[in-house]
Amino acid sequence: MTSRDATPTSDFIRSKVAQDRKANKNAGRVVTRFPPEPNGYLHIGHAKSICLNFGIAAQNGGTCHLRFDDTNPTKEEQHYVQAIKQDVRWLGFDWGDHEYYASDYFDRLHGYTLELIKKGNAFVCELSAEQIRQYRGTLTKPGRESPYRNRPVQENLDLFERMRAGEFEDGSHVLRAKIDMASPNLNLRDPVMYRILKASHHRTGSMWCIYPMYDFAHGQSDSIEGITHSLCTLEFEDHRPLYDWYLDKLSIHHPQQIEFARLNLSYTVLSKRKLLELVQRGDVSGWDDPRMPTLAGLRRRGYTPQSIRNFCNRIGITKYNSTTDIALLEHCVREDLNRRATRVMGVLRPLRVVIDNYPQNQVEELDAVNNPEDPGMGSRKVPFSRVLFIERDDFRQQPPRKFFRLAPGREVRLRYAYLIRCVGVVKHEETGEVIELHCTYDPETRGGSPPDGRKVKATLHWVSADHALEAEVRLFDRLFIKENPSDVKNDEDLASALNPDSLETLTSCRVEPSLAGASPGSRFQFERQGYFCVDADSSVRKLVFNRTVSLRDTWARIEQRQTLTAAGKQKHSPNG
RNA sequence: UGGGGAUUGGUGUAACGGUAGCACGGCUGACUCUGGAUCAGUUAGUCUGAGUUCGAAUCUCAGAUCCCCAGCCA
């Protein structure tokens with residue numbers, strides 16, 4: 001974290017923490033934890049939790065642990081552990097030597113379990129999964145007690161030991177807490193504590209064949225680590241009575257669980273299951289596809305860690321299930337990148353321009369400012385010559401109203417260079433497509449300022465044809481067309497909500513020569529267009545850029561409005 | 001028809017019995033060698049109905065709507 005991070009506004013959790021410190025609860029200590037399950041990549045929703053947990057620890061002189069919640073060997077992989085650590089670090093947080101694994105506590109959890117069995121608080125149940133479901137009752141009807149519920153302690157101890165020793169098959173036995181089959185809270189209807197899973201665990205290998213369930217593992221892990229505030233999402237609210245029950249029966253350090261609303265973002269999905277689905281179905285190139293809301297994807301896209309932290313600090317923490325506008329995230333990157341990104345010129349869709357009156361073999365090196373927001377970033381030289389490329393969008397044969405850019409007869413400025421006037425248009429014989437422009441330049445306007453003080457309404461970016469580097473540029477749009485893609489009946493519908501145009505690859509772009517050798521991950525502003533980041537696929541031979549986010553585009557909005565009103569007029573005047 | 005939560009402009013949030021504020025978005029305008037940035041202005045809100053009170057987003061009651069829970073997932 002840096003001092004430029006926006007301070008998060010206080011929220012109900014921070015208030016509670018402050019209150020606890022004031023009351024000297026836990027001797028004034030604050031210990032939080034971020035507990036990912038290593039079964040997928042971290043996404044922007046996790047960033048919210050990471051910023052919350054690490055942020056609260058930092059604000060209170062406490063510590064935040066990174067704990068992998070690895071109690072289900074069938075879903076978890078070491079690969080994800082590495083990815084998660086990299087992402088948390090990248091986001092800007094440091095857990096020091098507080099790196100823990102629920103699997104490190106398997107022994108102690110086993111010990112706690114023996115204790116609960118001895119106290120008559122747990123029993124080995126031989127009902128099948130299906131039977132357990134039936135015995136559980138429904139939301140409105142109480143459940144029935146398992147016929148195995150009242151086994152003697154000794155028998156439970158013996159059976160549990162045999163479960164641990166691998167004598168039974170998966171699913172044949174489970175250990176259950178003995179609570180209340182009539183509880184209106186289904187989590188309290190004798191929940192399963194341990195199940196048999198003869199699977200290899202990414203850390204403990206074949207040491208265990210019984211694994212604790214989340215509810216039994218999580219609170220006890222929190223307790224072992226001396227966590228004071230255990231922050232989780234809303235859906236665990238119903239689990240809190242169970243969280244408390246285990247801790248109370250065991251009479252061990254009792255952290256406070258507090259629930260907050262998970263992040264929802266418009267036009268995207270934030271569910272590891274759904275993201276995995278996109279990856280597996282090949283809708284995206286991987287967890288780090290720049291269109292993914294994963295931290296790996298955002299990183300590749302060019303988002304800065306600071307912009308994500310700022311975003312997290314601005315969205316607030318509440319218990320209300322809201323959906324944040326993706327525009328806020330985009331605002332946060334623009335804000336950050338505007339301050340730090342080097343400006344360069346790059347032409348995405350080149351249109352050839354010949355300056356008729358410019359000397360044939362002349363090349364001038366013109367001064368260009370690297371970042372108007374930060375004079376300390378200095379300036380660079382950009383070569384100018386007789387043949388240039390400008391952006392296709394910057395020329396119109398018949399300029400619409402409010403279009404200030406180049407058109408036949410019009411004069412505009414080439415950034416840092418000269419004022420030029422369009423004197424000729426070359427079109428393709430058959431298609432009529434504009435293939436080249438002829439212009440004249442005013443030698444008196446070198447650097448871009450006319451000595452007579454005359455104004456031009458537009459300044460265009462450009463590159464010198466002979467000096468420009470070829471580049472590939474990938475333009476990204478939102479992955480989904482639906483504002484809430486999760487609002488579908490099934491998974492096929494999720495696929496149908498995908499935006500078919502979320503990726504556009506431009507292969508014949510031209511960028512200024514200063515970009516030669518730009519290394520993957522470096523970020524630039526292509527003037528007038530947006531922020532771009534060098535992709536991992538980039539090489540010295542072929543530069544590849546990802547567009548992080550476009551610049552605010554006032555003209556695009558005006559043009560869109562014009563088309564809309566034009567269409568509206570047509571539609572509404574059938575007789576006119 | 002059980003239990004647990006929630007509800008403030010378009011969106012996200014603040015206000016903790018005393019002037020409903022901030023941010024994003026939208027819209028104006030100024031400025032500008034990026035139609036960027038910046039600056040200024042503007043837009044728009046307390047779920048409903050009763051009650052308590054000098055005074056209610058806040059307290060009470062009734063209702064409405066939304067979210068979560070019937071994994072040997074987390």
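Here is the naming used below: chain letters follow the sequence lines, and residue numbers restart at 1 for every chain. What you are looking at is a predicted structure, and each value in this text was computed from that prediction instead of being measured.
Taking the six-membered ring for Trp, F389(A) and W462(A) have ring centres at least 6.0 Å apart. Note: F545(A) and F526(A) meet the aromatic proximity criterion, with ring centroids under 6.0 Å apart. Taking the six-membered ring wherever Trp is involved, the centroid distance between the rings of Y80(A) and F68(A) does not fall below 6.0 Å.
In a base pair of the Watson-Crick type (N1 to N3 plus N6-O4 or O6-N4) or a G-U wobble (N1-O2 and O6-N3), with each distance short of 3.5 Å, U1(B) is matched with no nucleotide. Pairing for C73(B) is absent, with no Watson-Crick or G-U wobble pair whose two atom distances lie under 3.5 Å. Look at G21(B): its Watson-Crick or wobble partner, with both distances under 3.5 angstrom, is U13(B). Remark: A50(B) base-pairs with U60(B). Criterion, Watson-Crick or G-U wobble with two distances under 3.5 Å. In this entry U28(B) has A40(B) as its Watson-Crick or G-U wobble partner, both defining distances falling under 3.5 Å. Pair check for A6(B) finds U65(B); Watson-Crick or G-U wobble, both atom distances under 3.5 Å.
Contact annotation for R413(A): base contact, defined as any heavy-atom pair under 4.0 Å involving a base atom. H218(A) comes within 4.0 angstrom of nothing in the nucleic acid, heavy atoms only. Among the heavy atoms of the strands lying under 4.0 Å from T554(A) are primed sugar atoms or P, OP1, OP2 only; no base atom is included. When heavy atoms are screened at a 4.0 angstrom cut-off, L127(A) is found touching base atoms of the nucleic acid. Residue contacts for D238(A): at a heavy-atom cut-off of 4.0 Å it reaches a base atom on one of the strands shown. When heavy atoms are screened at a 4.0 angstrom cut-off, I132(A) is found touching base atoms of the nucleic acid. Among the protein residues, F236(A) comes within range of the nucleic acid bases, having at least one heavy atom under 4.0 Å from a base atom. Within 4.0 Å (heavy atoms only), F403(A) reaches at least one base atom of the nucleic acid. No contact: Q529(A) has no heavy atom under 4.0 Å from any strand. Residue-level contact check: I558(A) touches the bases, meaning some heavy atom is under 4.0 Å from a base atom. P142(A) comes within 4.0 angstrom of no nucleic acid atom, judged by non-hydrogen atoms across all strands. L139(A) comes within 4.0 angstrom of a base, heavy atoms only. Among the atoms of the strands shown, none is found under 4.0 Å from any heavy atom of S266(A). If you check every strand for non-hydrogen atoms under 4.0 Å, I315(A) touches sugar and phosphate atoms only.
Contact annotation: side chain of D325(A) to base of G12(B), donor-acceptor pair absent below 3.5 Å. If you check distances only, the side chain of E373(A) does reach the base of G36(B) with a donor-acceptor pair under 3.5 Å. R343(A) contributes a side-chain N or O that forms a donor-acceptor pair with the base of U34(B) under 3.5 Å. In this model, no side-chain donor or acceptor of R552(A) finds a partner on the base of G35(B) within 3.5 Å.
Between E235(A) and R262(A), at least one side-chain nitrogen of the basic residue sits less than 4.0 Å from a carboxylate oxygen of the acidic one, meeting the salt-bridge criterion. With respect to D553(A) and R557(A), no salt bridge is recorded, no charged nitrogen being found less than 4.0 Å from a carboxylate O. Under 4.0 Å is where a charged nitrogen must lie from a carboxylate oxygen, and between E512(A) and R343(A) no such pair does. The residues D244(A) and R240(A) are annotated as not salt-bridged, no charged nitrogen and carboxylate oxygen being separated by less than 4.0 angstrom.
Listed pair R334(A) / C24(B) fails the phosphate criterion, with no side-chain N or O lying under 4.0 Å from OP1 or OP2. The shortest distance between the side-chain N/O atoms of S322(A) and the OP1/OP2 oxygens of U13(B) is below 4.0 Å. Taking 4.0 angstrom as the limit, R561(A) places a side-chain polar atom (N or O) nearer than this to OP1 or OP2 of C27(B). An OP1 or OP2 oxygen of A74(B) is reached within less than 4.0 angstrom by a side-chain nitrogen or oxygen of T71(A). Under 4.0 angstrom from either OP1 or OP2 of C72(B) there lies no side-chain N or O belonging to R133(A). Here R314(A) does not reach the OP1 or OP2 of G12(B): none of its side-chain N or O atoms lies under 4.0 Å away. Side-chain N/O atoms of R240(A) include none lying less than 4.0 angstrom from OP1 or OP2 on G5(B). Distances shown here put a side-chain N or O of R528(A) below 4.0 Å from the OP1 or OP2 atom of G35(B). The shortest distance between the side-chain N/O atoms of R136(A) and the OP1/OP2 oxygens of G71(B) is below 4.0 Å. Between H461(A) and U34(B) there is no side-chain N or O to OP1 or OP2 distance below 4.0 Å.
Ring orientation note: the planes of H218(A) and Y214(A) are tilted relative to one another, at an angle of 30° to 60°. Using a 30° and 60° split on the angle between ring planes, Y211(A) and F106(A) fall in the perpendicular class, above 60°.
With P as the reference atom, U60(B) and G29(B) are 49 Å apart, rounded to whole Å. On the P atoms, A40(B) is 44 Å away from G5(B), given to the nearest whole Å. Rounded to whole Å, the P atom of U19(B) lies 12 Å from the corresponding atom of A56(B). To the nearest whole angstrom, the two C1' atoms, one in G18(B) and one in C59(B), are 15 Å apart. Going from the C1' atom of U7(B) to that of U46(B) covers 10 Å, rounded to whole Å. Between the P atoms of C73(B) and A23(B), the separation comes to 48 Å (whole Å).
Between the side chain of D170(A) and the backbone N or O of K198(A), at least one donor-acceptor pair lies under 3.5 Å. Between the side chain of D190(A) and the main chain of I179(A), a donor-acceptor pair closer than 3.5 Å is present.
Map Y531(A) and T140(A) each onto its nearest nucleotide of RNA chain B; the residue landing nearer the 5' end is T140(A).
Base orientation of G71(B): syn, the glycosidic angle falling within 90° of 0.
Cation-pi geometry between R478(A) and Y267(A) is met: the NZ or CZ atom falls under 6.0 Å from the ring centre, inside 45° of the normal. Cation-pi geometry between R203(A) and Y101(A) is satisfied (NZ or CZ under 6.0 Å from the ring centre, within 45° of the ring normal). Judged by a 6.0 Å distance limit and a 45° cone about the ring axis, R67(A) is not positioned over the six-membered ring of Y100(A).
Here the nucleotide nearest the side chain of N338(A), chosen from G25(B), A74(B), A37(B), is A37(B).
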Report each atom pair, protein N/O against N/O of nucleotides 29-31 of chain B, whose distance is under 3.5 angstrom.
none

Listing time: all N or O pairs from protein to nucleotides 14-22 of chain B that are below 3.5 Å?
none

